[in-house]
**Student:** 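Okay, handing you the structure first.
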Amino acid sequence: MKKIVSLILLVLLITTITACNQNGVATDNDQPQSVARTDLNILQFGDLNSLNPVTNTSAFEGRLILQMFDSLTNTSPDFEIEPWVAESWDISDDGLEYTFYLRDDIYFHNGEKLTADDVVFTVERYLESPARASSYFPMQGAVALDDSTVKITMNFPFAGTLFLTSGLYIVSETAYTELGEQDFNINPVGSGAYEFVRWDEGQQIVMKANENYHLGPAQIKDLTFRIITDPNTAFVALETGDVDLYTGVRWLDFELAESNPNLATMSQPGVSYFYISINCERITDLRIRQAIMHAVNLDEMNIVVSEGSGTISEIPVLEGAEGYTKDFVSYEYNIEKAKQILEDAGYAPGELEYTYTYIESATNAKRGEYLQAQLNRIGINLILSPMELGAWFSSLPAGEYDFTTGGLTMNPGNTEWSYYMMFHSNGTFNTMNFFTEEIDEILDAARRELDRDARDLLLQQITKIIREEALYIPNFFTTLNAVYDKGLANVFINPNDYFRVHDFYWQE
Amino acid sequence: MKRYIINRLLLLIPTILGVTFIIFTIMSLTPGDPGRIILGQGAEQADVDQFNRDLGLDRPFLVRYVTYVANAVRGDFGLSYRTGRPVYESIRNRFPFTVTLAFLGVLGSMIIGIPLGILSAVKQYSFWDILGSVSAMFLAAVPGFWLGLMLILFFSLRLGWLPSSGVGTYQHYIMPAITLAIPGAARILRLTRTTMLETIRTDYVRTARAKGAKERTVVWKHALRNALLPIVTSIGVSFAAALGGTVITEAVFALPGLGTLVITSIRMKDTPQVMAAVLLLSFLFMIIILLIDLTYGFIDPRIKSMYR
């Protein structure tokens with residue numbers, strides 16, 4: 001018996017070792033390859049719900065959809081609108097009718113030609129979809145004038161229309177109808193540079209190059225998005241060459257990557273702005289809000305929360321973005337001044353006590369602890385109340401918080417969309433609950449203003465008001481850190497983490 | 001014996017009902033709103049409310065529970081809120097990975113734990129015994145995520161022998177299995193040592209020695225077989241627990257298993273998905289426990305005689 005057990009153990013041991021030696025997945029990063037690779041593995045941080053542009057809700061699904069679908073128009077990296085499926089367009093004088101002229105050389109992955117009917121079908125699906133309705137409500141509908149001309153009608157003149165059409169990814173009407181929405185979610189059929197191959201739940205999404213792509217076939221033929229949810233594992237996969245591109249790398253790992261000769265790095269301010277909302281229905285006294293502004297040191301908070309990697313900004317827009325102005329009330333860090341404001345307003349130390357609710361995470365906890373310490377210095381007690389995602393969402397409409405975490409994607413060319421959500425009384429992410437007719441009027445006007453400069457001025461007014469009224473504690477724009485294999489060339493990643501693999505190639 | 005099995009199987013019904021009730025209650029009581037989570041912060045409240053109504057979430061708790069059980073009895077476990085697809089699809093996709101991992105993990109802990117445990121007991125207070133006990137204490141205390149990462153750093157990054165993450169070949173399972181096996185091995189080692197020490201001191205082992213049986217026969221045939229009962233229980237329970245408890249290992253090695261599915265679904269308030277996964281796990285747990293009880297009969301004839 002003992003012999004048998006030892007024998008089994010020995011056999012197991014030997015097979016394991018020899019197997020590893022024979023066809024082990026040795027990393028050949030150090031050896032120059034004679035033939036350029038044609039595959040690419042991209043890290044995907046978490047599994048997906050849907051690859052259907054009509055139903056998906058998260059940005060990290062969006063970047064996969066971008067590879068497989070073509071949008072009616074496109075937003076360039078410097079936030080200009082450029083032709084894509086539509087090669088040109090006319091806008092009626094009243095701003096209510098947009099006529100798009102489509103390219104006639106675009107084919108879906110199922111071989112059918114992309115026609116005006118597919119565009120109309122897509123618009124109709126978008127308008128029906130709860131996930132899209134809040135953005136696409138200015139659109140009334142679309143009609144096909146002929147095979148390659150589409151007229152989109154608006155409910156009112158809307159300045160951001162061409163930004164909306166840049167997010168309008170055309171789906172194949174035939175495929176969508178045949179499969180039905182649920183199946184299309186996991187078997188998307190578009191006309192983009194990559195064709196969907198398969199989705200192994202929790203593991204990977206596999207795509208292959210579309211050889212009939214209207215901009216020419218991509219050089220990278222086999223594209224895989226590998227799902228890894230642990231940041232440590234993700235970084236090791238990058239180091240071992242199991243993945244070639246990883247965006248959103250943590251700061252500590254990014255520093256490691258910079259010293260790794262096999263890896264190239266890229267760092268830029270992202271588009272996610274973080275702040276702490278003050279519930280103005282509960283903290284109604286402007287003087288308290290101002291005192292809080294003076295009590296927070298933005299540099300310190302950046303270091304505490306994100307190892308100093310964020311791009312600090314008092315306003316939710318960066319220079320060059322719509323609505324940016326230098327002319328706003330800035331609150332310098334000054335504890336004494338903060339104390340003085342509270343004292344003048346008649347609040348004794350320890351009299352004020354507030355609650356900060358946030359989605360439970362290490363970063364949010366650090367944010368809370370920092371705020372707690374600072375407010376404590378000016379005599380305000382802060383109770384931290386971490387919550388599950390679902391509970392946090394439910395706490396928002398009820399207004400059951402004094403402070404809550406805010407974070408929103410800011411599109412530099414279309415600030416209006418985010419400002420409306422954050423500050424309009426109908427905004428779907430208005431967590432500051434500061435409702436005035438003035439703000440609503442300005443935002444309504446901006447929504448309809450077709451002239452970009454005039455719209456910019458309107459949004460600048462909002463930028464000034466939100467600082468003057470001290471509606472939120474500013475944090476920073478997150479930094480988008482990308483790391484990729486040095487052999488990969490022509491890598492361009494937008495600040496919003498979007499990229500087109502079609503442009504990438506391997507150097508020999 | 002047959003009656004015993006039938007009784008045990010019938011007992012599964014109230015237990016499973018109890019499990020469904022508890023999970024359903026917890027999922028309903030915890031705050032959170034599937035519509036809002038799924039449609040995102042940009043969606044209008046009216047759409048969110050409509051979405052929740054479509055899911056039937058506006059109906060009273062008991063109505064929802066009874067409907068759920070009635071459908072489940074007919075084999076309809078519902079659609080996932082998150083993906084809108086039948087819940088069994090995700091489970092079918094992920095279950096094989098979890099079972100393989102749990103099986104390999106338990107197998108690994110047996111292969112390491114039992115022989116070392118026997119060695120420690122037979123050579124009590126020797127160098128090997130102390131080494132075994134000390135390493136068992138150390139291994140039992142090692143956190144899984146740390147061990148997993150160290151293995152990855154060494155075998156994938158330094159040596160390049162094994163893939164760091166994902167699935168595909170059997171090599172992908174080596175490190176996750178070791179990560180799962182190590183803490184279990186420590187437990188089994190200590191258990192084996194204790195029970196072996198007890199049996200070695202019993203009269204029948206002394207008798208066996210007295211009648212001149214070889215030491216090997218005494219240890220393997222007389223002592224080990226009698227010491228095996230608690231070990232078998234422990235292994236069975238370990239396996240059942242591993243089915244639901246591989247979350248951390250799954251995350252570290254990017255394995256698409258059930259644990260990850262359950263955690264994701266809980267965060268998304270995806271009640272049907274959570275229910276189905278937990279039901280399957282608890283059902284398996286009970287079946288495994290039943291099987292353990294039955295194997296007692298084969299290992300120990302005294303127990304077999306007690307089944308009636």
Side-chain angles (χ1 to χ4, degrees), chain A residues 1-2 5-6 8-9 12 16-17 19-21 23-28 46-47 49-50 55 57-58 130-131 133-135 137 181-183 185-186 200-204 226-230 232-234 236-237 239-240 242-243 387-397 408 421 428-429, chain B residues 30-45 47-48 50-51 79 82-85 89-90 93-94 97 111 115 145 148-149 152-153 155-157 159-167 169-171 174 216 220-221 251-257 260-261 264 266-269:
Chain A
M1 185 68 181
K2 196 173 182 178
V5 172
S6 334
I8 293 173
L9 275 174
L12 274 174
T16 317
I17 291 172
C20 291
N21 284 343
N23 51 354
V25 276
T27 53
D28 41 14
D47 204 355
N49 301 339
S50 161
T55 56
T57 48
S58 78
S134 66
S135 315
F137 68 90
E181 184 183 288
Q182 296 301 354
D183 280 339
N185 287 348
I186 55 168
D200 298 329
E201 187 179 330
Q203 292 175 52
Q204 57 190 5
R226 286 203 47 205
I227 297 164
I228 299 179
T229 50
D230 183 274
N232 298 307
T233 311
V236 172
E239 288 182 298
T240 55
D242 287 346
V243 300
M387 292 180 167
E388 291 260 335
L389 175 71
W392 179 76
F393 266 130
S394 309
S395 77
L396 297 184
L408 204 58
M421 240 163 108
T428 49
F429 196 54
Chain B
T30 47
D33 170 348
R36 175 56 70 190
I37 297 170
I38 289 156
L39 297 178
Q41 61 193 28
E44 301 283 347
Q45 191 59 42
D47 288 326
V48 172
Q50 184 59 46
F51 188 93
L79 303 177
R82 187 168 65 93
T83 60
R85 308 191 59 79
E89 282 186 13
S90 286
N93 288 339
R94 290 166 179 266
F97 299 115
I111 292 175
F145 65 91
L149 276 175
I152 291 178
L153 287 181
F155 288 104
S156 300
L157 200 57
L159 299 175
W161 283 1
L162 294 169
S164 64
S165 54
V167 286
T169 64
Y170 76 93
Q171 296 171 6
I174 295 175
R216 188 184 300 166
W220 288 94
K221 202 172 165 195
V252 169
F253 292 98
L255 284 166
T260 324
L261 178 70
T264 318
I266 290 176
R267 290 212 181 109
M268 302 286 283
K269 283 286 283 180

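Letters A, B, ... are given to chains in the order of the sequence lines, protein chains preceding strands, and every chain is numbered from 1. Excluded from the calculations below are hydrogen atoms, water molecules and symmetry mates; all remaining heavy atoms, backbone and side chain alike, are included.
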**Student:** Tell me which of these, B:Gly257, B:Gly148, B:Ser90, has more heavy-atom pairs under 4.5 Å with chain A than the rest.
**Tutor:**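 Most pairs with chain A among the choices: B:Ser90.
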
**Student:** Identify the two heavy atoms, one from A:Met387 and one from A:Trp392, that lie closest to each other, and give their separation to 0.1 Å.
**Tutor:**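 Heavy atoms only, the tightest pair is SD-CA, 3.7 Å.
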
**Student:** Heavy-atom distance under 4.5 Å between the side chains of B:Ser165 and A:Arg226, does that happen here?
**Tutor:**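 The answer is yes; the side chains approach within 4.5 Å.
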
**Student:** Name the region of B:Leu79, side chain, backbone, both or neither, that has any atom closer than 4.5 Å to a heavy atom of chain A.
**Tutor:**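 Neither part, no heavy atoms under 4.5 Å.
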
**Student:** With chain A as the partner, which of B:Thr260, B:Ile266, B:Asn93, B:Val48 has the greatest number of non-hydrogen pairs under 4.5 Å?
**Tutor:**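 The answer is B:Asn93.
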
**Student:** Do you know which of A:Val243, A:Thr55, A:Asp200, A:Ile186 has the most heavy-atom pairs with chain B at a distance under 4.5 angstrom?
**Tutor:**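 Highest number of pairs under 4.5 Å: A:Ile186.
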
**Student:** Which bit of A:Asp183 comes within less than 4.5 Å of chain B, counting heavy atoms only: side chain, backbone, both or neither?
**Tutor:**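 A:Asp183 touches chain B through backbone and side-chain heavy atoms alike.
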
**Student:** Contact part of A:Asn49 toward chain B, heavy-atom cut-off under 4.5 Å: side chain, backbone, both or neither?
**Tutor:**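 For A:Asn49, heavy atoms of backbone and side chain both lie under 4.5 Å from chain B.
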
**Student:** Could you tell me which portion of B:Phe155 (side chain, backbone, both or neither) has an atom closer than 4.5 angstrom to a non-hydrogen atom of chain A?
**Tutor:**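 Looking at B:Phe155, nothing touches chain A.
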
**Student:** Please flag which part of A:Ile227 lies under 4.5 Å from any non-hydrogen atom of chain B: side chain, backbone, both or neither.
**Tutor:**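 For A:Ile227, the contact with chain B is made by the backbone alone.
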
**Student:** Under 4.5 Å from any heavy atom of chain B, what part of A:Leu396 do you find: side chain, backbone, both or neither?
**Tutor:**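 For A:Leu396, there is no contact with chain B at all, as no heavy atom is under 4.5 Å.
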
**Student:** Would you say B:Val252 and A:Asn232 make side-chain contact, with heavy atoms under 4.5 Å?
**Tutor:**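 Sidechains of A:Asn232 and B:Val252: no contact.
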
**Student:** My understanding is that only residues two or more places apart in sequence, or in another chain, count here; which of them pass salt bridge (charged side-chain N to carboxylate O under 4.0 Å, His left out) with B:Arg82?
**Tutor:**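 In terms of salt bridge (charged side-chain N to carboxylate O under 4.0 Å, His left out), with neighbours along the sequence ignored, B:Arg82 is linked to no residue.
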
**Student:** Taking atom CD of A:Glu201 as the centre, does the number of heavy atoms from other residues, nucleotides or ligands within less than 6.0 Å exceed 12?
**Tutor:**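 For A:Glu201, atom CD is crowded (more than 12 foreign heavy atoms under 6.0 Å).
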
**Student:** If you count heavy-atom pairs under 4.5 Å with chain B, which of A:Ser395, A:Ala131, A:Gly202, A:Ala237 comes out on top?
**Tutor:**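 Maximum pair count with chain B is reached by A:Gly202.
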
**Student:** Rounded to the nearest 0.5 Å, what separates atom CG in A:Asp230 from atom CD1 in B:Ile152?
**Tutor:**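 The distance works out to 7.5 Å.
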
**Student:** Could you tell me which residues satisfy salt bridge (charged side-chain N to carboxylate O under 4.0 Å, His left out) with B:Glu89, sequence neighbours excluded, listed by chain and number?
**Tutor:**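 With neighbours one apart ignored, the set is B:Arg85.
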
